[in-house]
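This report refers to the structure that appears directly beneath it.
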Amino acid sequence: MSTPDKRLFLLDAMALIYRAHFAFSKNPRINSKGMNTGAALGFTNTLVDLLNREKPTHIGVCYDAPSKTFRHDSFVEYKANRQAMPEDISIAIPYVKKIVEAFGIPGMMMDGFEADDIIGTLSCKAEKAGYDVFMMTPDKDYYQLVTDHVFVYKPAFLGNAIEIIDKPKVLERWEIENVKQVIDILGLQGDAVDNIPGIPGIGEKTAKTLIQRFGSVENLIANAHELKGKQKENVVNFAEQGLMSKELATIHLDVPIDFDEEGLRYDGPDTEKLAALFDELEFRQLATRVLGTASPAVPKPVSNKPTVGKGFKSDKPMGQTSLFEMPAGETVAPEEGADATAAGDDYAPRTRKTIDTTLHEYHLLTTPEQRQQLLKYLKQQKEVSFDTETTSIDAITARLVGISFCYMPGEAYYIPVPPKDEDAAREIVQEFKEVLESPAITKTGQNIKYDLVVLQRYGIDVQGPLYDTMLAHYLLEPDMRHNMDLLAETYLHYTPISIETLLGKGKNQLTMDKLPALQIYEYACEDADITLQLKNYFDPLLEKQGLKRLFNDVENPLLRVLGHMEREGVSIDADALAESSIVLQTSIQEMEQKIFNLAGMEFNIGSPKQLGEVLFDRMGLGGSKIKKTKTGQYATGEEILSKLAFEHEIVQLILDHRQLTKLKSTYVDALPALVCNEDNRLHTSYNQAVAATGRLSSTNPNLQNIPIRTEKGREIRKAFVPRDENHVLLSADYSQIELRIMAHFSNDATMKEAFQKGLDIHASTAAKVFHVPVDQVDSDMRRKAKTINFGIIYGISAFGLAERLAIPRREAAEIIEAYFQEFPAVKEYMDSAINQARDQEFVETLLGRRRYLRDINSRNQNIRGYAERNAINAPIQGTAADIIKIAMINIDQWLREEKLASRMILQVHDELVFDVLKEELPVVQPKIEELMKNAFPLSVPMEVGLGTGENWLQAH
DNA sequence: GCGACAGG
DNA sequence: CCTGTCGC
């Protein structure tokens with residue numbers, strides 16, 4: 001890459017001056033004016049030697065800032081041990097600066113940074129521009145910066161020859177695998193001169209062996225339990241100090257300094273100036289050597305033309321593959337996603353890649369010109385990954401801080417926006433509308449629904465195909481977690497910058513808008529970059545496992561629909577809830593008093609522990625059938641207490657008390673508090689990647705468990721209302737969708753017939769199982785049959801059914817037996833599902849959504865039984881989820897195409913709720929029914945129940 | 001982290 | 001069987 005005429009030398013002035021000073025300290029050079037010139041002479045000698053020997057084309061000298069640096073900010077004692085600078089040195093410095101200047105060499109200094117940070121930053125930039133960089137310094141801290149093209153140039157010293165330290169030498173010296181581990185070693189052993197504490201009892205040798213073994217300070221601390229004795233103690237007790245020392249030893253590569261190629265070009269000295277200086281300092285020998293007529297000691301380099309040099313990679317041709325290696329390329333890609341994760345933890349190298357060990361080009365773009373330039377390239381892409389940085393994890397209230405884009409692994413751009421000035425932010429964001437709303441560009445993101453919801457606030461409705469890496473992994477490994485840091489660790493063996501590094505943690509955590517863009521951009525760019533790399537990793541795996549269609553046609557389109565639903569929200573009648581709260585509070589207090597009176601003492605009814613003691617120890621209820629939980633407490637669950645209700649009236653009071661406090665705390669009081677103060681609506685957040693079966697889940701608040709079963713609970717449903725008097729709520733729910741799916745899968749003639757004839761499925765099941773005509777099925781029989789039907793879907797066991805029906809196990813087993821007699825194909829289907837699972841260790845839904853059941857062949861009966869029930873339940877529950885997802889996508893698309901004002905606002909597993917403009921109802925209602933019924937036709941008809949009303953309860 | 005309970 | 005939230 002580099003050519004002989006691109007050799008940059010960067011000198012650490014202070015380190016060289018100190019060294020020169022001490023080199024001459026044994027026999028000081030005092031000039032006629034009484035000045036100790038040793039430091040200046042030594043430094044100049046070194047410089048001249050360098051110019052003669054290496055004939056650099058580019059050279060610069062870096063100085064420490066006299067002011068405090070960020071290192072002092074983070075550690076007040078930093079360099080406190082260093083004795084005051086010897087007077088001889090402080091006198092020498094201005095002379096050195098003048099000499100350097102006279103040589104025509106730029107001197108560089110930056111407020112708040114030390115020379116090594118400047119040198120580090122410049123060497124990075126220069127290397128990318130194709131230079132070989134030589135850092136002239138005796139300081140071993142610099143070893144952490146060495147790469148294939150960046151070297152430490154160790155000046156000659158006391159008979160030691162010049163030494164050029166390259167990467168192999170660094171690795172060899174400490175027997176490490178990665179140059180960056182130098183930081184870990186320095187952090188551990190500390191540095192007495194700079195007063196970096198390190199960890200007590202650890203010197204260079206121990207540091208070396210520990211890092212060899214654990215890879216990093218962090219990992220050492222995490223695995224301190226593997227150590228012994230005093231060492232273990234020290235590592236544990238001084239963990240924080242160790243981490244801080246590492247931080248102090250880290251040379252920062254983010255100094256805001258440009259690599260000014262032309263300025264660093266060496267053009268030879270100003271001989272006149274130099275002669276005057278040498279004269280003043282009385283450097284006669286040196287004067288002859290450098291300026292004497294005999295030999296021109298300081299050569300002028302051959303001139304060459306600059307090639308690159310703009311920070312922005314504007315001249316890169318499009319469509320070219322990355323300049324950088326894919327991080328994933330270095331490790332052996334596991335055969336399958338399934339194995340990938342398993343192998344990931346066991347065989348992953350101890351040292352992970354990070355931003356500091358991986359080549360990357362992350363850019364901070366702040367000017368309109370830069371943004372236009374980026375835009376120009378983005379528009380030419382077929383796919384782009386992006387990520388938003390915001391002020392909150394709640395997408396509805398979050399304010400944008402910036403957006404990062406990446407379209408080539410290893411290269412990303414960050415555009416900050418003013419978070420306080422929403423109009424100004426919108427203007428910048430609008431510049432990218434064309435790209436974000438382009439139907440031709442695939443947008444990749446990690447949990448991209450979040451970004452979509454945030455961007456809606458800024459007038460952007462992201463269009464075009466979407467690719468969510470979180471959802472990709474959700475389909476590949478539904479039982480696992482899917483956060484980006486974890487995915488990057490597992491599949492790319494890369495540790496991203498943690499948000500905590502940036503913002504701190506706990507209640508004092510900052511928000512993004514508190515940080516300057518300069519501190520955010522690498523983090524933001526890395527996210528977009530990693531996301532793109534994950535996409536490249538997951539895509540072939542999805543293909544191989546036949547998940548592409550589900551991914552492209554269901555999950556990704558759905559995310560946009562969910563984003564719209566979240567942003568839409570739902571209206572609630574807060575006044576009604578506030579009134580309820582007061583009513584409930586009174587009832588609860590009355591009950592409390594009665595309970596205390598009956599118990600003869602006051603206690604916390606909400607504490608299962610205290611409650612158990614009162615009921616069972618003090619009052620002696622329950623007799624022989626007292627149960628305990630696995631933690632040894634008395635079990636006081638609903639089921640248990642219900643059985644005791646007849647023994648004492650206190651029990652029913654307790655049950656009622658529980659119900660009311662639950663309703664009050666979880667719904668009546670919680671929901672109004674979550675209403676958004678901007679639009680006065682309640683916004684839930686749908687999680688598309690937590691339920692291993694493929695269902696959605698809802699949080700903040702959970703609107704999928706609003707009460708319905710009890711009278712008091714239904715009051716809460718009444719508080720969910722249309723947005724205004726021109727709207728009604730429409731509820732549409734699939735009737736018996738899971739049983740229909742069972743009928744479809746099993747192809748059971750009896751069951752299918754019941755659905756085809758539109759019979760009451762529970763009554764008809766009761767008639768079969770209890771061998772009576774349908775018209776003689778009583779309510780108890782129907783209730784039992786209903787429980788059986790649910791049991792079937794859950795992968796029934798006689799034990800479970802007995803529990804649910806509160807009947808003896810024997811009786812439950814007989815009922816199951818009878819059921820299978822009547823529905824033989826269901827039994828066959830269940831057996832075959834389990835067999836298939838045993839065979840391939842996964843089951844799948846109608847659309848190929850997988851669930852891995854790696855315990856299906858366990859020898860442990862309980863574990864295996866659990867997996868077997870999942871083998872039956874997962875395909876059914878998952879297929880139902882698939883179907884309603886398709887319906888949602890189609891309905892959303894239709895509403896949009898028809899430009900209707902009605903909105904889909906909630907999903908509750910088999911139910912969709914709409915806020916319908918009254919005049920649209922005649923069009924909307926039948927269409928929704930049709931789209932739900934026909935989302936994915938099965939071999940049995942699908943029924944949809946519809947209802948409208950002035951609140952959710954009425955509509956349901 | 002658990003027990004209890006709201007929903008499907 | 002699948003969830004999320006509350007209070008302890």
Side-chain angles (χ1 to χ4, degrees), chain A residues 478-479 603-613 627-642 654-671 673-674 684-710 712-717 733-739 741-742 787 789-797 799-801 803-804 830 833 843 845 851 853 865-881 884 906-913 952 956:
Chain A
D479 279 296
F603 64 101
N604 187 343
I605 307 167
S607 161
K609 186 170 176 293
Q610 291 185 36
L611 178 66
E613 283 160 12
K627 276 194 187 171
K628 295 216 174 176
T629 65
K630 53 190 159 190
T631 49
Q633 279 183 42
Y634 291 116
T636 65
E638 204 256 344
E639 238 171 288
I640 312 261
L641 294 194
S642 295
I654 287 165
L655 286 169
D656 292 345
H657 179 269
R658 273 216 188 126
Q659 192 203 358
L660 296 196
T661 50
K662 174 79 179 179
L663 292 179
K664 184 167 186 289
S665 66
T666 310
Y667 306 102
V668 176
D669 290 345
L671 293 180
L674 289 166
T684 185
S685 173
Y686 289 103
N687 201 327
Q688 209 178 337
V690 287
T693 50
R695 274 189 177 178
L696 301 177
S697 81
S698 156
T699 55
N700 268 314
N702 181 356
L703 295 186
Q704 290 183 320
N705 71 345
I706 300 303
I708 192 160
R709 292 175 195 186
T710 67
K712 292 228 167 47
R714 284 197 277 272
E715 286 301 309
I716 291 156
R717 245 172 217 246
D733 69 312
Y734 282 110
S735 153
Q736 307 298 343
I737 186 169
E738 293 182 340
L739 276 179
I741 290 164
M742 175 55 100
T787 309
N789 279 331
F790 274 107
I792 292 297
I793 293 159
Y794 296 158
I796 200 147
S797 68
F799 176 79
L801 186 65
E803 284 287 300
R804 283 169 177 279
M830 290 169 76
V843 290
T845 68
R851 171 132 195 219
L853 299 169
Y866 181 78
E868 286 172 355
R869 290 191 288 281
N870 259 318
I872 293 156
N873 176 262
I876 293 173
Q877 199 180 108
T879 300
I884 196 167
L906 297 174
Q907 191 255 36
V908 193
H909 307 308
D910 61 358
E911 174 188 9
L912 297 174
V913 180
W952 192 2
H956 193 85

- Item | base_contact_polar (B:dC5 base, A:K662 side chain, donor-acceptor, <3.5 Å) | yes
- Between C:dG4, B:dA6, C:dC2, spot the one nearest the side chain of A:S697, thanks. C:dG4
- Task: Determine the contact category for A:Q704: base if any of its heavy atoms lies under 4.0 Å from a base atom, sugar-phosphate if only primed atoms, P, OP1 or OP2 are that close, otherwise nothing.
- Result: sugar-phosphate
- Task: Look at all strands and tell whether A:L696 reaches a base, only sugar-phosphate, or nothing, counting heavy atoms closer than 4.0 Å.
- Result: nothing
- Message: Which nucleotide wins on minimum distance to the side chain of A:T636, given the candidates B:dA4, C:dC2, C:dC8?
- Response: B:dA4
- Which nucleotide, B:dA6, B:dG8, C:dC2, lies nearest any side-chain atom of A:N705? B:dA6
- Message: Using a 3.5 Å distance criterion without hydrogens, assess whether the side chain of A:S698 forms a donor-acceptor pair with backbone atoms of A:P701.
- Response: yes
- Query: With sugar-phosphate meaning primed atoms plus P, OP1 and OP2, does A:R869 contact a base, only sugar-phosphate, or nothing at under 4.0 Å between heavy atoms?
  - Reply: sugar-phosphate
- Note on the structure: Considering only heavy side-chain atoms of A:S607, the closest of C:dC8, B:dG8, B:dA6 is C:dC8
- Query: Which nucleotide in the set C:dC6, B:dC5, C:dT3 lies at the smallest distance from any side-chain heavy atom of A:V690?
  - Reply: C:dT3
- Message: Students often get this wrong, so: under 4.0 angstrom with heavy atoms, is A:Y866 touching a base, only sugar-phosphate, or nothing?
- Response: sugar-phosphate
- Given B:dG8, B:dA4, C:dT3, the nucleotide with the shortest approach to the side chain of A:P608: B:dA4
- Message: At 4.0 Å (heavy atoms only), tell me whether A:G795 reaches a base, stays on the sugar-phosphate, or touches nothing.
- Response: nothing
- For A:Q659, answer base if it contacts any base atom (sugar-phosphate contacts may also be present), sugar-phosphate if it contacts only those atoms, and nothing otherwise; contact means non-hydrogen atoms under 4.0 Å. sugar-phosphate
- Task: Measure from the side chain of A:N702, starting at C-beta and using heavy atoms only, and say which of B:dA4, C:dG4, C:dC6 lies closest.
- Result: C:dG4
- Query: Under 4.0 angstrom, heavy atoms only, what part of the nucleic acid is A:R851 near: base, sugar-phosphate, or nothing?
  - Reply: sugar-phosphate
- Only counting residues at least two apart or in another chain, list the ones meeting ring pair (Phe, Tyr, Trp, His ring centres under 6.0 Å) with A:F603. A:F596
- Sugar-phosphate only, base, or nothing, as touched by A:I872 at under 4.0 Å among non-hydrogen atoms: nothing
- Message: Given 3.5 Å as the limit, does a donor-acceptor pair link the side chain of A:R851 with the main chain of A:A871, or not?
- Response: no
- Out of C:dC6, C:dC1, B:dG8, whichever nucleotide has its closest atom nearest the side chain of A:A670: C:dC6
- Check every atom of B:dG8, B:dA6, B:dA4 against the side chain of A:R709 and return the nucleotide holding the closest atom. B:dG8
- Query: Looking across every strand, which nucleic acid part, if any, lies under 4.0 Å from A:A880 by heavy atom: base, sugar-phosphate, or nothing?
  - Reply: nothing
- Note on the structure: Looking only at C:dT5, C:dG7, B:dC5, the nucleotide nearest the A:R658 side chain is B:dC5
- Message: Please check this pair: side chain of A:T666 against backbone of A:L663, looking for a donor-acceptor N/O pair closer than 3.5 Å.
- Response: no
